[in-house]
Structures are given as structure tokens and as C-alpha cells.
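A short worksheet on the structure shown next.
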Amino acid sequence: MALYVHKYGGTSMGSVERIKNVARRVAKWRNAGHQVIVVPSAMSGETNRLLGLAREIQKDPDPRELDMLASTGEQASVALLSMALQDLGVAARSYTGWQVPIRTDSSHTKARIKSIDDARVRQDLDAGKVVIITGFQGVDEDNNITTLGRGGSDTSAVAVAAALSAKECLIYTDVDGVYTTDPRVVPEAQRLGVVSFEEMLEMASLGSKVLQIRSVEFAGKYRLPVRVLSSLTDPLISLDDEARSGTLITFEEDEKMETAVVSGIAFSRDEAKLTLVAVPDKPGIAYQILGPIAAANIDVDVIVQNQSIAGTTDFSFTVNRVEFKRAMDVLQNTVLPAVGAREIVSDESVCKVSIVGIGMRSHVGIASLMFETLAQEGINIQMISTSEIKTSVIIQDKYMELAVRALHKAFGLDQYQASNASS
Ligand code: ADP
Ligand code: ASP
Ligand code: MG
């Protein structure tokens, strides 16, 4: 007997029939003698529907009220799933984030989990109940409801699994694992049997929305095994087969994995580029520009500073597109008057495409194959950023899918033979 945390995404919870299937699957694990905590998302489309209503009422709603609203989607899900389990004769109990409580900081709409109280949950588990906890939400010190950012139920699930030392966190979703790239964009994408924690961290941070980045960070911090698998199979398939399916995020880098130089292509359309033209090239300039951006709690991604010509330089950086307007305001109102640049140029139609692989550490020429491939497609690279195991480029977003397909092919990922030793 072991403790497992199951997470079910929006599509997996998308209808009454699907919720009943989730209950059947959970009942199978419970009846095999395991303890199970389930963390469901809101039913598909529900979070968007709620946020849409908010924006019909007010252009720029108060983030506290947005959280109050958006968190309700998950509250409906936990209650419905609890009913579905009880209908199957399985004892179950649902909780919202504040009831557990899952404590977070106060950054509304992108809060971070600080601690999870496991007392109530343990009591229920010990009494033989399946515990169902809302994904995506928590509560701050002043008892305000907070949410963890889009896709945040992944993080709730992994954090709960870590807090209760679960054996594994199973992320059930609408694809049967982590692929070499989004299979909806490249049909030739191949499923990875295992993916290293570091690669998954890069892929998630570079835009692969199959896992929210913070969930991968939690998995790494607590070395918690996480598996991504399908919720759309027959819920009554053998538990052993199911427990071995999908993609396991592993902390061991074996030799087999080293042979795949590049194991994934990630992309993100959520980018916007800002450039300060002709800023004085002197010590402290990067701090003068990015300090106020950081103070406004805006994450900066790729940064490029050009060679200075006649004492001035151009300074460019990218931010998430949803934070573009705020970043522009900070530049115009705070930075420009202080540093005296000639002008600010911006581009909201850029995207980021990245190749990821731990094998890049020990191979040369990988980035140059990337640049060659993009050149052959006539795609102009605007910015480049590299780390030990990834290379990212900023390009015009109309070329994104073309770039991803061409790179997938150039790096042999169409033929990738994944190690399926994921158990
Ligand atoms: P859920 O609602 O279950 O949280 P998401 O939509 O958040 O599901 O994440 C699953 C989706 O992630 C898939 O449907 C797929 O389109 C997308 N995705 C992006 N990159 C990848 C990848 N490398 N492997 C698998 N899926 C990916
Ligand atoms: N329901 C939230 C969202 O749509 C959280 C999640 O699905 O993970 O972003
Ligand atoms: Mg998700």
C-alpha cells in the first residue's frame, strides 16, 4: 500500500461522463489498497469563461477579485468528483485550498505555495477516505483566496504530493505523456518514455504547457517522482499497466538518455520584445533599466545588449505578452526619463523557439545546426539565448510552427526511439 496523488486536468474533468470516469479510475487505485489524494482542475473552458465574465464587467479587474472568481471552477470540480466517488461506494471528502490550508504568498493570480498543513488530510486518509483537494488555489496570511497562475493545478498536485511524501504524483492529462514537442503542432512528435528532471524544467520554462514550471521545480526540490499519463484510456485497464505508462520524470541521467543530444523542442507565443534605442553605455545601465521592471514584479526573459557605438548602445529584452503593457509603462514613465534613451521600440508579434537536451553539454555544433535550419527556411533570428542544455531564439511569431517542424526534423526527432523503460 502506498500514497499516490492523482491530478486531472480540465479536459479530463470536462463533462459529467469524464468525471465519472475519473471516479472509476480513482476507485480502481483505492480498491487496490492504495491511499489516494486527487487534485482536479476546473472543467475545461470554465476558468476562461469566468475570466471572460470578469473582463466584460471591468477592463482591468482587481487581481484579488479575479482570484476569488477563478478559484470557484475548481471548487465545483472537487464537489462533483466527490459525489461521483461516493456514488461508486468509495468514501471521499473534498476540500478547497483554504480548508486544507494550502498557504501561499499574496501575489494574486500568480501566488507561490509556502506551506501545506497535512493534518486534516492525513486524518481522512487514515480513516480510509479518498481526499480531493482543489487545484490552482490557496490562501494567503490574511485569508484572501489566491490562485497559482494558469496551469497551476499541476503545482498544487506536486506540492501536496511532496508535503505528504507520496510515492508518486500522477499527472493525468489529454495526451499520453511528454512528447518531443507539442503533438498538436507536430503530428510526428514522439512520446518520451523518460525525461530528465533538468530537461523537463527547461521544456516547461520554455513554453511546453504540459506541466506548469513550478510543479517541476517542486518535484526537483523534493525529488518527487512525477509521471505524465493519459486520462482518456479505459479507466478499468490494469493498474500495473497504467502505473508504467506515460512519461516518468527521472532524476537519473543514464547513458541511454545521453545519446539523445536534443530531446525536445519547446515554443512560446507569449513573448513581447522591448528595446531602448541609444541608451548611454555606462556602468549601472542594465540595473537602471531592469531594476524598475523587477520592482514592478515583471519577469524578464531574454536580454541582449549591443556593442556600443559612440558611447551609446541598444538594450533589448523580452517579457511575457500579458505583462507587455505594464513593462511599457514602466519604461516610459520611470526608465526613459532617468536614462535618457532616444526612443523605445516594441514588438508584440515575436515568439520563442528552443531546443532542449542534456546531450548538448557534451556535443558541439548543436546550436549551429539550429541556426542553419532556420536560415534554410529564411527565418530571421532576432535574439539568441543559451544555457548548458538549451538554445532559444526569438523570431517573428508567424514563423513559429514552420521553425518547430523544421527543427524537429533536422534533429531527427521524427524518428526518435524513446526508451520506454519508464517504470
Ligand atoms: P491539462 O488540462 O490536463 O492540464 P494542458 O492543456 O495544460 O492539460 O497540457 C496538456 C497539453 O500540453 C497537450 O494537450 C499538448 O497540446 C500540450 N503540450 C505542449 N508541449 C507538449 C509536449 N512536449 N508533450 C506533450 N504535450 C505537450
Ligand atoms: N483551471 C486553471 C487553469 O485553467 C488551473 C489548471 O487548469 O491547472 O489555468
Ligand atoms: Mg495544464
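Quick note: residue numbers are just sequence positions, from 1. Atoms within each ligand, like the ligands themselves, are counted from 1 in listed order.
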Going by distance only, is there an N or O of G10 that falls short of 3.5 Å from an N or O of ligand 2? no
Look at R184 together with D174 and state whether they make a salt bridge at an N to O cut-off of under 4.0 Å. yes
Residue of the set E188, Q190, R191, H408 for which side chain to side chain donor-acceptor pair (under 3.5 Å) holds with T180: H408
Show your reasoning for whether side-chain contact (heavy atoms from CB on, under 4.5 Å) applies to V210 and Y179. CA-CA 9 Å; V210 61; Y179 277 67; over 6 Å; no
Is there a side-chain contact between D126 and Q35 (heavy atoms, below 4.5 Å)? yes
For the residue pair S238 and D240, confirm or rule out a side-chain donor-acceptor distance under 3.5 Å. no
Pick whichever of K7, Q137, E74 has a heavy atom sitting closest to atom 2 (C) of ligand 2. E74
Classify the contact between S41 and ligand 2 as side chain, backbone, both or neither, using a heavy-atom distance cut-off of under 4.0 Å. side chain
Does G9 reach ligand 2, in the sense of a heavy atom lying below 4.0 Å from it? no
Exercise: identify the closest heavy-atom pair between I395 and I381: CG2-CA, 4.2 Å
Between I249 and the options L211, L224, V194, the side chain to side chain contact (heavy atoms under 4.5 Å, CB included) test singles out L211
Considering only NZ, NE, NH1 and NH2 on the basic side and carboxylate oxygens on the acidic side, decide whether D154 and K7 come within less than 4.0 Å. yes
Salt bridge between K273 and E348, side-chain N to carboxylate O under 4.0 Å? no
Decide whether an N or O pair under 3.5 Å exists between R150 and ligand 2. yes
Can you work out which protein residues put a heavy atom within less than 4.0 Å of ligand 1? K7, G9, G10, T173, D174, V175, G177, V178, Y179, T181, D182, P183, R184, M203, S208, K209, V210
Check for me whether G152 has a heavy atom closer than 4.0 Å to any atom of ligand 2. yes
